[in-house]
Amino acid sequence: NDEGLRFESARKLGFKELINASKVDVVQEILKMTNQSGADIVIECSGAASAINTSIDILRKHGRMCVIGIPGDELIKFKWKKAVFKAINVIFHFSSSSTSWSKVLDLIDSKSLDVKSLITCIADMDEWEDIFTKVGEGKVLKAVLRP
């Protein structure tokens, strides 16, 4: 099942509408859900060229795209003309500062950020190779490795 743990975890976190891009046309589904206007905001977390360009397709005019994903390639083919005509706002975000980590740890500590529901495996450090394989196969969503 392509949906597996990711969809199950998303439902537990309260997401109501989930789209499996390997089964349906994402653009058509989003347009149908938004009465043909498109999404207000897309948060692009993969860095994959196909996902980046699908983000352009599903955004409404003056929509916003927040970019978190880091691509593997230096150059990516980008639907520039479509982005211009939609006048989208692209926001790039990359943070690895200690203040960002402190904020996230504070959110976790205060129970404002639910990370436990994302952890589907806890294992000893010496099992890392098997766990990484399971993550790649979609059998584990997020793992915690104990030193």
- Message: Give me the atom names and distance for the closest heavy-atom approach of Leu31 to Gly38.
- Response: CD2-N, 4.0 Å

- Smallest heavy-atom separation, Ala39 atom then Thr34 atom, equals N-CG2, 4.3 Å

When hydrophobic residues are tied together by side-chain contacts of less than 4.5 Å, even through go-betweens, does [X] share a cluster with [Y]?
{"X": "Ile19", "Y": "Phe15", "value": "no"}
{"X": "Val42", "Y": "Met33", "value": "yes"}
{"X": "Val90", "Y": "Trp80", "value": "yes"}
{"X": "Ile68", "Y": "Val115", "value": "no"}
{"X": "Ile76", "Y": "Ile70", "value": "no"}

- pair Leu59-Met65: side-chain heavy atoms closer than 4.5 Å: yes

[X]: what forms a side-chain contact (heavy atoms from CB on, under 4.5 Å) with it, not counting sequence neighbours?
{"X": "Asp73", "result": "none"}
{"X": "Asp106", "result": "none"}
{"X": "Asn89", "result": "Arg64, Ile91"}

- Message: Test: ring pair (Phe, Tyr, Trp, His ring centres under 6.0 Å). Region: residues 86-131. Which pairs qualify, not counting sequence neighbours?
- Response: Trp128-Phe132

- Please list all pairs passing the ring pair (Phe, Tyr, Trp, His ring centres under 6.0 Å) test where one or both residues lie in residues 32-63, with sequence neighbours left out. none

- Query: Pairs in or reaching into residues 8-17: which pass salt bridge (charged side-chain N to carboxylate O under 4.0 Å, His left out), with residues at least two apart or in two chains?
  - Reply: Glu8-Lys12

[X]: what forms a side chain to side chain donor-acceptor pair (under 3.5 Å) with it, not counting sequence neighbours?
{"X": "Asp25", "result": "none"}
{"X": "Ser117", "result": "Asp114"}
{"X": "Ser102", "result": "none"}
{"X": "Glu29", "result": "Lys32"}

For residues 134-142, which side-chain donor-acceptor pairs fall under 3.5 Å, sequence neighbours excluded?
{"residue": "Lys134", "atom": "NZ", "partner": "Asp130", "partner atom": "OD2", "Å": "3.3"}
{"residue": "Glu137", "atom": "OE1", "partner": "Lys139", "partner atom": "NZ", "Å": "3.2"}

- Using modelled atom types only, decide if a donor and an acceptor are shared between the side chain of Ser110 and the backbone of Leu107 within a distance under 3.5 Å. yes

- Euclidean distance, Arg60 CZ relative to Ile41 CD1, rounded to 0.5 Å: 9.5 Å

- Query: For the atom pair CD1 (Ile58) and CD (Gln28), what is the distance rounded to the nearest 0.5 Å?
  - Reply: 12.0 Å

- Query: Within a reach of under 6.0 Å around CG of Asp126, are more than 12 heavy atoms found that belong to other residues, nucleotides or ligands?
  - Reply: yes

Cut-off 3.5 Å, no hydrogens considered: what does the side-chain donor-acceptor table look like for residues 44-57, sequence neighbours left out?
{"residue": "Glu44", "atom": "OE1", "partner": "Ser46", "partner atom": "N", "Å": "3.4"}
{"residue": "Glu44", "atom": "OE1", "partner": "Gly47", "partner atom": "N", "Å": "2.8"}
{"residue": "Glu44", "atom": "OE2", "partner": "Ser46", "partner atom": "N", "Å": "3.0"}
{"residue": "Glu44", "atom": "OE2", "partner": "Ser46", "partner atom": "OG", "Å": "2.5"}
{"residue": "Glu44", "atom": "OE2", "partner": "Gly47", "partner atom": "N", "Å": "3.4"}
{"residue": "Ser46", "atom": "OG", "partner": "Ala48", "partner atom": "N", "Å": "3.1"}
{"residue": "Asn53", "atom": "OD1", "partner": "Lys79", "partner atom": "N", "Å": "2.7"}
{"residue": "Asn53", "atom": "ND2", "partner": "Ala49", "partner atom": "O", "Å": "3.1"}
{"residue": "Asn53", "atom": "ND2", "partner": "Lys77", "partner atom": "O", "Å": "2.8"}
{"residue": "Thr54", "atom": "OG1", "partner": "Ser50", "partner atom": "O", "Å": "2.9"}
{"residue": "Ser55", "atom": "OG", "partner": "Ala51", "partner atom": "O", "Å": "2.8"}
{"residue": "Asp57", "atom": "OD1", "partner": "Lys79", "partner atom": "NZ", "Å": "3.0"}
{"residue": "Asp57", "atom": "OD1", "partner": "Lys82", "partner atom": "NZ", "Å": "2.8"}
{"residue": "Asp57", "atom": "OD2", "partner": "Lys79", "partner atom": "NZ", "Å": "2.6"}

